[in-house]
Amino acid sequence: MCIALGVFSLAGMFIWAALRPPSAAVAPGDADRPVASVTEVLPEGRFDLQVYALGNLGVRLELQFTPDADALDTAGMRPDVNFAMLEMHRDGIEPPLELVGPGAWRARLTLPMAGRWVVSAGFGEDRAEVEFDAR
């Protein structure tokens, strides 16, 4: 009787693992494809922004700035980055940037709520921006 109960429990665990509903997290590999991206040519160079959904409102921003040959002012500068929720009238989120290479930065953050967001990056008035859905 005890052995039958153990076998039944073990079989039940395998069946539950195969049939359980998928979790709310992003499936493996989804974090490797951007949910939004933009390339913007600015007066001082080119910005490439890519937004990745990490699940549970987690977001990763990959930013690459390629300055023009004659753009000495912005060549070594850190860009300003701002995440703001559309339709909301409040200050945005300015995540810390991690320098990952020449002209390349990364930011990771967890947004406070689901919805439509816009991220913008640039120097002063010259900015690149892209919208995305956070879930």
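The model shown is predicted, which means the values in this text are computed figures rather than measured ones.
No more than 12 heavy atoms of other residues, nucleotides or ligands sit less than 6.0 Å from atom CD of Glu125. Within a 6.0 Å sphere centred on CZ of Arg135, other residues, nucleotides and ligands contribute 12 heavy atoms or fewer.
Annotation: the span from Asp80 atom CG to Arg127 atom CZ amounts to 5.5 Å, rounded to 0.5 Å. Rounded to the nearest 0.5 angstrom, Gln64 CD and Leu49 CG are separated by 10.5 Å. Atom CG of Leu97 is separated from atom CG of Leu63 by 7.0 Å, given to the nearest 0.5 angstrom. The OG1 atom of Thr110 sits 8.0 Å away from atom CG of Leu54, with the distance rounded to the nearest 0.5 Å. To the nearest 0.5 Å, atom CD of residue Glu62 and atom CZ of residue Arg106 are 4.5 Å apart.
Annotation: side chain of Pro95 is in contact with side chain of Val81 (closest heavy-atom distance under 4.5 Å). Annotation: side chain of Val119 is in contact with side chain of Val51 (closest heavy-atom distance under 4.5 Å). Using a 4.5 Å cut-off on side-chain heavy atoms (C-beta onward), Glu87 and Arg116 make no contact. Two residues are said to be in side-chain contact when any heavy atoms from C-beta on lie closer than 4.5 Å; Tyr52 and Val35 fail this criterion. The shortest distance between side-chain heavy atoms of Ile93 and Pro112 falls below 4.5 Å. At least one side-chain heavy atom of Leu111 sits less than 4.5 Å from a side-chain heavy atom of Leu109. Residues Trp105 and Arg78 have side chains in contact (heavy-atom distance under 4.5 Å, counting atoms from C-beta outward). Here the side chains of Ser37 and Val130 are not in contact, with every heavy-atom distance at 4.5 Å or above.
Under the 3.5 Å distance criterion, the side-chain polar atoms of Trp117 are matched with a main-chain donor or acceptor of Met113.
Val100 and Phe47 fall into different hydrophobic clusters, defined by Ile, Leu, Val, Met, Phe, Trp and Tyr side-chain heavy atoms under 4.5 Å apart, directly or through other members.
Under 4.0 Å is where a charged nitrogen must lie from a carboxylate oxygen, and between Glu40 and Arg46 no such pair does.
In this pair, Phe123 and Phe65 present their aromatic rings perpendicular. The plane angle is above 60°, beyond the 30 to 60° band.
When hydrophobic side chains of Ile, Leu, Val, Met, Phe, Trp and Tyr are connected at separations under 4.5 Å, Val118 ends up clustered with Leu86.
Remark: the Asn82 side chain and the Ser120 side chain contain no N/O donor-acceptor pair separated by less than 3.5 Å.
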